[in-house]
Amino acid sequence: MEDKNGQIQSTHSISAGLDYPGVGPEHSWLKDNKRVKYVSVTDNEALKAFYYLTEKEGIIPALETSHALAYAFKLAKSKKHKNILINLSGRGDKDIDTIASLKRIKV
Amino acid sequence: MNLINDVFKHQKSVFITYLVCGDPDINSSLKIMHSMVENGVDLIELGIPFTDPIADGPVIQKGIERALKNKVSLLDVLNLVSKFREKNKKTPIVLMGYMNPIENMGYRKFSSLAKLKGVDGLLIVDLPPEEASSINQELSKNKLCQIFLASPTTEDKRLKAIANYSSGYLYYVSLKGITGSSLISYKPIKKRISQIRKLSNNKIPVTVGFGIKTPEAARKISMFSDGIIIGSSIVELIEKHRKNKTLMFKKIASFIKSIKSSLVKS
């Protein structure tokens, strides 16, 4: 992500692993190939998904993965797909500090 | 002949200084450049401000931030060179910076504009020589030099290739670190430079930068290299005195004089 003069733009994401202004070459390739469709979700949607999985399943997803979950929930609602597979990579215990500070809880 | 080749032919130890274009503002940069030459600088490296300067220490980073606050673009840098050329057609100018703004402008457009505005060479810090052939073609067409960096950890085989890819001069990074670090010892630098000379068959002048801050260090390194490069110490003076420009220009001038008088002359 750059401005018209080639300066790198600042980014924001609730998840540290996504707060980055670039895209890896492999992702670019997969997108251009049309083998992967790339979508986005907001901080809030990701957070909702984070709580949902934690509360319903006792699995704390990483905030990065929570984005995938949030989109999977949207996709599930459309009822177009019989099975949806989510890769639950990473782990959310590393994100507890982020969640705590959002909730103004001291840990 | 390119002005860079010319200056290395005639000077025993080429005195190179660096400043960030637009720090503290464009007009001051122009004044500083002219004052550098008046006080003995032989070649100026003009920094292109970039948001992610990975090889620069805190001092130059802050200088770049000041320039970016002034919204200085690559085109502004090129225009400053042509302004400088109105009064000075002799001192070589090398643009130093990072790949993205140049990639964004396009190699062809950049190279022809750079030539038109009076630039003599280009040093892209984050461009490995192995990836440089397409931009190098455009630079060569416009008779612009391309300078590459070598470091204490560069292997012999690669050193040889870097010397081959480089034109104008080779920039030897004296230490494992970022700009503005402190030098520890001269011996390994001296040894390394004689290695580079051997590997390159003495084809390319070898200059030393990173960590040179005092006349003493400048003198010692000028004894066994073809030139020395000073950046952070100048940017530091700009940072310190930028609120009082008259004093800032004075301090920079006297610092440059003190370095110049310490360099080996023949």
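Keep in mind that what you see is a predicted model, and the values were worked out from it rather than measured. Lettering of chains follows the sequences in order, A, B, ..., and the numbering in each one begins at 1.
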Mark yes when over 12 heavy atoms from residues, nucleotides or ligands other than B/Lys62 sit less than 6.0 Å from its NZ; otherwise mark no. no
Provide the closest heavy-atom pair for A/Ile8 versus B/Asn100 in the form atom of the first, atom of the second, distance. CD1-ND2, 3.7 Å
Heavy-atom cut-off 4.5 Å, strictly under: side chain, backbone, both or neither for B/Leu68 against chain A? side chain
Is there a donor-acceptor pair under 3.5 Å between the side chain of B/Thr51 and the backbone N or O of A/Gln7? no
Rounded to the nearest 0.5 Å, what's the gap from CG on B/Asn104 to CG on A/Asn5? Could you check? 7.0 Å
More than 12 heavy atoms of other residues, nucleotides or ligands under 6.0 Å from NZ of B/Lys115: is that the case? yes
Return yes when atom OH of A/Tyr52 has more than 12 non-hydrogen atoms of other residues, nucleotides or ligands closer than 6.0 Å, and no otherwise. no
More than 12 heavy atoms from other groups under 6.0 Å of OH on A/Tyr20: no
